[in-house]
Amino acid sequence: MELEWNGTSVDHLEQIQDNEYNREEMLEMIVPDACPDIAQISDTWGFCCLTRREVSDTGALLTGRVRVTILYIPEGGGGLQRLEAELPFQHLSECAQADGSTRLLASAWVSSAETRILNPRKVLIRTDICEKVRLYRLQTLQVYDPPEVDDTLGLQTRQQNEQTDLITQTAEKVFVLEEDLSLPGSRTVTGTPLQLRPEACSAEARLIGSKLVLKGTVRLQSLWQEEGGGLIPNSFELPFSQMLDAIGVGEGAQYQVCVQVQSWQLGQLSGDRRSLPITLELCAQAVFCERIPIHLIADAYSVYYPSELHTERWSICRQGQEDSRQPVRSFALCEQSVQSVLVCHGELGLTQVAREDSQYAVTVPVSATALCLDEGGRLFSVLHSFSASFQPSCLPEQRLQCSCTLLQMEALPAANGLELRGVISLHTQTTQIAEVSGLTGLEVDESHPQEHTGQPSVVLRRPAPSESLWDIAKRCSTTCQEICAANGLTEDQPLGDQMLLIPRKR
């Protein structure tokens, strides 16, 4: 007789891809006729606008463009000039397991950008683009409960309670932030900023009911040119508050949140040249992980008939995550003496995680650019690249994943160069996998009942080392309750090495 056991389904998301890519895009550009010839490049900055994300049976397709701002000193002198260019890109992240129902979370950023002068009217722009692609497929975890049968089979079952961490939901929301940038002081600028760099900093996330509440700021670093030719650096902090749907997510869920500026657009400078409207499009993404209880049937047998077990193995996952802020420093040697620093910005490359013996090492490349003035008031730029390294705590049996975000970068004049100081937000996630077995069914051979004729109704037996009460009852075709009753024990009591009376179930 084959007993079919009832199944309990737990829906969750399986991560089928977590890939990072580093790609290069290049463009030769002719300087527009309205712009003067180029004598020296002062700064190049690239901003990645990810305009389209889609999933097909072949994988994830990302489409976007890199907005590049070039600051240069023209031939014959004069004020700082600006050039703008766009580099379109498209990339397919292949995944054989993807289909139309696969969920995609993706982000992209420019880790470095540079411009080389080919001649006074032509330049070569090179950008490094970093992409992070995560794909999730809906899965169902099936566990089984024992069937309801009458006592004629003498069916005994042993349950095992486990917990596993599963990704249960993802969320994404695109929202718009509109603000007016008000210039402080009394100086008047000539037009829109020479350079404007928006960066989203998600400061706080909290799960309230079926909503994830986000509060953060967008930091805008800008450089303006006034009518007399002087340069005015300025920064703005634009707060935002948003809610993401978290339907079906439990209150104790863990979550990882990423907020990124997707695009931005400037309006017209006001008549008094004191206010500039800006519209920013941001994308917030979240992944929710919950600890799900799982009740397995670890073992079963019949006290009256031989039985054959059908088993299955499950992977039990334990996850932990931690956020920390790590200071970083580096020194950039300069040929010119730095009098002051106008603006400084930095970008991170792809985070590298390597295992050295029992310790993980995390390394992330940092690219920093500082726009400086020398003692004569002449403008020049300093480009400096270095690596930041960390050693997060992680057990040898755990797998480690890390992501880094640059929160701050500043440059201070020092002897013979610049001292660069920054703060990196480090998010670590540890994962430990264990295998457990459980039953999915049981076959009972009712045609061959166990024969106990001539055997004693009670035997005296000493438990073997590491032998449990369940093991003894199963071997002797009796029940744990019968043994406990005969010996005055409880089922959770250690057996020790005492002799036990084993009554045989008849």
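Residue E397 qualifies as enclosed at atom CD: its count of foreign heavy atoms under 6.0 Å is above 12. In E251, the CD atom is not crowded: 12 or fewer heavy atoms of neighbouring residues, nucleotides or ligands sit closer than 6.0 Å.
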Is there a side chain to side chain contact (heavy atoms under 4.5 Å, CB included) between L379 and L371 once you walk through the steps?
-> CA-CA 7 Å; L379 186 70; L371 205 56; 3.7 Å; yes
Working for side chain to side chain contact (heavy atoms under 4.5 Å, CB included), residues I41 and I117 | CA-CA 8 Å; I41 299 295; I117 301 175; 3.7 Å; yes
Any chance you could lay out the side chain to side chain contact (heavy atoms under 4.5 Å, CB included) test for V31 and L83, step after step, and finish with the verdict?
-> CA-CA 8 Å; V31 178; L83 284 178; 4.2 Å; yes
Test side-chain hydrogen bond (donor to acceptor under 3.5 Å, both in side chains) applied to N234 and Q221, step by step = CA-CA 6 Å; N234 204 354; Q221 192 175 29; over 6 Å; no
Starting from the C-alpha separation in whole Å, work towards a yes-or-no answer on salt bridge (charged side-chain N to carboxylate O under 4.0 Å, His left out) for R134 and D18.
-> CA-CA 5 Å; R134 293 174 289 175; D18 184 7; 5.2 Å; no
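A cation-pi geometry, defined here as NZ or CZ lying under 6.0 Å from the six-membered ring centre and within 45° of its normal, does not hold between R67 and W45.
Residues I16 and C95 are in side-chain contact: their nearest non-hydrogen atoms beyond the backbone lie under 4.5 Å apart.
If you take CD on E290 and CD on Q169, they are separated by 9.0 Å, rounding to the nearest 0.5 Å.
For T140 and D11, the side-chain atoms include at least one donor-acceptor pair closer than 3.5 Å. Side-chain contact, S425 with T405: no donor N or O sits under 3.5 Å from an acceptor N or O. Side-chain contact of Q339 with E375: a donor-acceptor pair under 3.5 Å is absent, judged by distance alone.
Of the charged side-chain nitrogens involved, none lies within less than 4.0 Å of a carboxylate oxygen, so that R116 and E114 do not count as a salt-bridged pair. Between R126 and D128 there is a salt bridge, since a side-chain N of the basic residue sits under 4.0 Å from a carboxylate O of the acidic one. Between K211 and D245, at least one side-chain nitrogen of the basic residue sits less than 4.0 Å from a carboxylate oxygen of the acidic one, meeting the salt-bridge criterion. Ion pairing of R65 with E86 is present here, as a side-chain N (NZ or NE/NH1/NH2) and a carboxylate O approach within less than 4.0 Å. With respect to the salt-bridge test (charged N to carboxylate O, under 4.0 angstrom), the residues E347 and R197 qualify. A salt bridge links E25 to R23: one of the charged nitrogens lies within less than 4.0 Å of a carboxylate oxygen.
The aromatic rings of W264 and F47 sit perpendicular, their planes meeting at an angle over 60°, well past the 30° parallel limit.
Aromatic ring centres of H384 and F386: separated by under 6.0 Å.
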